[in-house]
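Heads up, the thing below is written out as structure tokens.
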Amino acid sequence: MIKKDPRTYAIIGAAMEVHRLLGCGFLEAVYQEALAMEMKLRAIPFVQQVELPVFYKDFRLEASYRPDLFALSTLSLN
């Protein structure tokens, strides 16, 4: 049996609340801002637009990855 992670469910719940209230049709920036607000309201720790290094065969690339939200120090949300 797969163990359920309550932190993941909290993030999914926040995203579902945003979708329930806003519906579809907005540009990504609207949903990103609303999800950040909802995560703050639910006290889910996250940072926005953090720059993450990318490695290829043990070499760090000059390019980096910048997810919209990075939650709980482990989840990248785009």
Please report, to 0.1 Å, the donor-acceptor pairs under 3.5 Å made by any side chain of residues 15-24, with sequence neighbours excluded.
residue	atom	partner	partner atom	Å
Glu17	OE1	Arg20	NE	3.1
Glu17	OE1	Arg20	NH2	3.3
Glu17	OE2	Arg20	NH2	3.1

If you take all heavy atoms of [X] and [Y], which pair is closest and at what distance?
| X | Y | value |
| --- | --- | --- |
| Gln48 | Ala36 | NE2-CB, 3.8 Å |
| Glu51 | Ser64 | OE2-OG, 2.9 Å |
| Ala71 | Met39 | CB-CE, 3.6 Å |

| Taking a hydrophobic cluster as the set of Ile, Leu, Val, Met, Phe, Trp and Tyr residues connected by side-chain heavy atoms closer than 4.5 Å, whether directly or through intermediates, do Tyr65 and Val47 fall within one such cluster? |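 Same cluster.
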
| query | With Gln49, which residues qualify under side-chain contact (heavy atoms from CB on, under 4.5 Å), at least two apart? | reply |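 So Gln49 forms a side-chain contact (heavy atoms from CB on, under 4.5 Å) with Gln32, Arg66, Asp68.
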
| field | Partner set under side-chain contact (heavy atoms from CB on, under 4.5 Å) for Leu61, not counting sequence neighbours | value |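 Only Val54, Tyr56 meet the side-chain contact (heavy atoms from CB on, under 4.5 Å) criterion with Leu61.
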
| query | Looking at CZ of Phe46 and CZ of Phe70, how far apart are the two atoms once the value is rounded to the nearest 0.5 Å? | reply |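 Going from CZ on Phe46 over to CZ on Phe70, the span is 13.5 Å.
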
| query | Just wondering, are more than 12 heavy atoms of other shown residues or ligands nearer than 6.0 Å to CZ in Phe55? | reply |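 Yes, the 6.0 Å shell around CZ holds more than 12 heavy atoms from other groups.
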
| query | Got Leu69 and Leu35 here, is their nearest side-chain heavy-atom distance under 4.5 Å? | reply |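 With C-beta onward as the side chain, the pair touches.
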
